[in-house]
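Right, one structure below, let's go through it.
By convention here, the first residue in the shown sequence is residue 1.
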Amino acid sequence: MPHRPSMPSLEYYKHVLRKDLFRESPGVIAVHGESWYDFRSKVQQVMLQPRTARMYLGAIEEASLAFVRRVRNIRNEKGEAPDDFLNEIHKWSLESIARVALDVRLGCLDEDANPETQRLIDSISTFFKNVPVLELKVPFWRLFNTPTWRKYVDALDTIVSITAKYTEEALSRLRSQSNPENKEPSLLERVLAIEGNRKLASTLALDLFLVGIDTVIGRFPRFHDKSIENIIMP
């Protein structure tokens, strides 16, 4: 039952500002002690099984191929990516996470992508941009609502709202579909089967979106110019 003294701003958001949303299932981010252990012990058996990872190999490959096609379409005659290429990587990571967390294809990399997916990406970027300001500088947000704190809370509210919407749609879709006996249950179905807890599934999806979209960038090759020849083959 670890206690990690980090991200007090997110801890305040979950346990004070929006405590009604997170009281029953707070997740594992900015959560400590028994609450962390209780949530983690419920989902880890489902999340850490090798067969769970194998289920999504095809879906992740499909998202990656869609990303490759997207890059080929947006680069210029010199093979250079646009200045907002990082946003395209965010789209790829969002598409990949959605396939695992919600069993859904969001179409983030399509030409006619739903604007709501960009709102989610923008909100997560705002969240990460403001975390170091709130955590490492003088915490005036503890005394009054600073502009940075308001942006931070608005971003988190947007993330919670959109992921909750997609989670509810996914759960409704599961209820309306018949599951053949020989079909392997999805990650979402397995989590939902834990005590029949819809809130557990919703909070897990939120945590995956919150840390997954930006964290995946750390695995991506760094490059000094806009050339993508070493990342995507022509």
Side-chain angles (χ1 to χ4, degrees), residues 2-33 35-36 39 82-98 101-102 104 106-109 113-171 198-218 220:
H3 182 86
R4 294 162 293 186
S6 61
M7 297 188 74
S9 58
L10 184 57
E11 186 172 0
Y12 184 87
Y13 177 86
K14 277 191 171 184
H15 300 288
V16 179
L17 199 62
R18 300 290 183 263
K19 61 182 179 181
D20 291 342
L21 293 175
F22 295 99
R23 181 181 290 112
E24 296 178 3
S25 297
V28 294
I29 305 173
V31 180
H32 314 288
S35 295
W36 179 93
F39 189 93
D83 291 335
D84 63 347
F85 186 52
L86 182 61
N87 190 62
E88 301 299 325
I89 304 177
H90 280 144
K91 291 179 182 178
W92 161 64
S93 59
L94 174 58
E95 186 70 42
S96 300
I97 294 167
L102 300 177
V104 66
L106 293 181
C108 303
L109 297 161
N114 187 338
E116 197 168 52
T117 61
Q118 186 60 55
R119 283 183 59 217
L120 181 57
I121 292 171
D122 291 342
S123 296
I124 291 173
S125 296
T126 299
F127 167 78
F128 277 100
K129 287 177 182 177
N130 288 301
V131 163
V133 178
L134 296 172
E135 304 292 345
L136 302 179
K137 293 189 176 182
V138 179
F140 290 115
W141 62 271
R142 292 178 180 270
L143 303 175
F144 56 90
N145 289 332
T146 65
T148 300
W149 174 250
R150 288 195 295 269
K151 291 178 183 177
Y152 180 82
V153 171
D154 287 345
L156 279 170
D157 284 345
T158 300
I159 296 167
V160 170
S161 174
I162 294 177
T163 54
K165 173 189 172 182
Y166 282 128
T167 304
E168 285 301 313
E169 290 177 354
L171 295 177
R198 297 168 65 89
K199 187 63 177 176
L200 185 77
S202 181
T203 303
L204 177 61
L206 171 65
D207 279 1
L208 290 173
F209 277 105
L210 191 62
V211 300
I213 293 175
D214 193 84
T215 306
V216 75
I217 303 305
F220 213 86

What distance do [X] atom [atom1] and [Y] atom [atom2] have between them, rounded to the nearest 0.5 Å?
X: Ser123; Y: Phe209; atom1: OG; atom2: CZ; answer: 12.5 Å
X: Thr146; Y: Leu134; atom1: OG1; atom2: CG; answer: 6.0 Å
X: Leu208; Y: Thr203; atom1: CG; atom2: OG1; answer: 11.0 Å
X: Thr167; Y: Ile162; atom1: OG1; atom2: CD1; answer: 11.5 Å
X: His15; Y: Leu21; atom1: NE2; atom2: CG; answer: 12.5 Å
X: Leu206; Y: Thr163; atom1: CG; atom2: OG1; answer: 4.5 Å

Checklist entry - Between Trp149 and Trp141, what is the ring plane arrangement, given parallel below 30°, perpendicular above 60°, and tilted in between? => result parallel
Checklist entry - Which class fits the ring pair Phe127 and Tyr152: parallel under 30°, tilted 30 to 60°, perpendicular over 60°? => result parallel
Checklist entry - Salt-bridged, Glu88 to Lys91, with N to O below 4.0 Å? => result yes
Checklist entry - Could you give all pairs that pass the salt bridge (Lys or Arg N to Asp or Glu O under 4.0 Å) test and reach residues 143-163, with sequence neighbours left out? => result Arg18-Asp157
What heavy-atom pair brings [X] and [Y] nearest, and what distance separates the two atoms?
X: His90; Y: Ser125; result: CE1-OG, 3.8 Å
X: Pro8; Y: Arg142; result: CB-NH2, 3.3 Å
X: Gly107; Y: Ala113; result: O-CB, 3.3 Å

How about [X] and [Y]: do any of their side-chain heavy atoms sit closer than 4.5 Å?
X: Tyr13; Y: Phe22; answer: yes
X: Thr117; Y: Tyr166; answer: yes
X: Lys165; Y: Glu116; answer: yes
X: Leu17; Y: Leu156; answer: no
X: Asn87; Y: Gln118; answer: yes
X: Trp92; Y: Cys108; answer: no

Next on the checklist: For the backbone of Ser9 and the side chain of Glu135, can you confirm whether one donor and one acceptor N or O come within less than 3.5 Å of each other?
Outcome noted: yes
Checklist entry - Within the distance-only criterion (no hydrogens, no angle test), does the side chain of Lys14 pair as donor or acceptor with the backbone N or O of Lys19 below 3.5 angstrom? => result no
Next on the checklist: Holding to salt bridge (Lys or Arg N to Asp or Glu O under 4.0 Å), I want the full list of residues that pass it with Lys129, two or more places apart in sequence or in another chain.
Outcome noted: none
Item to check | Thr148 vs Phe140, side chain to side chain contact (heavy atoms under 4.5 Å, CB included): CA-CA, chis, key distance, verdict | outcome: CA-CA 10 Å; Thr148 300; Phe140 290 115; over 6 Å; no
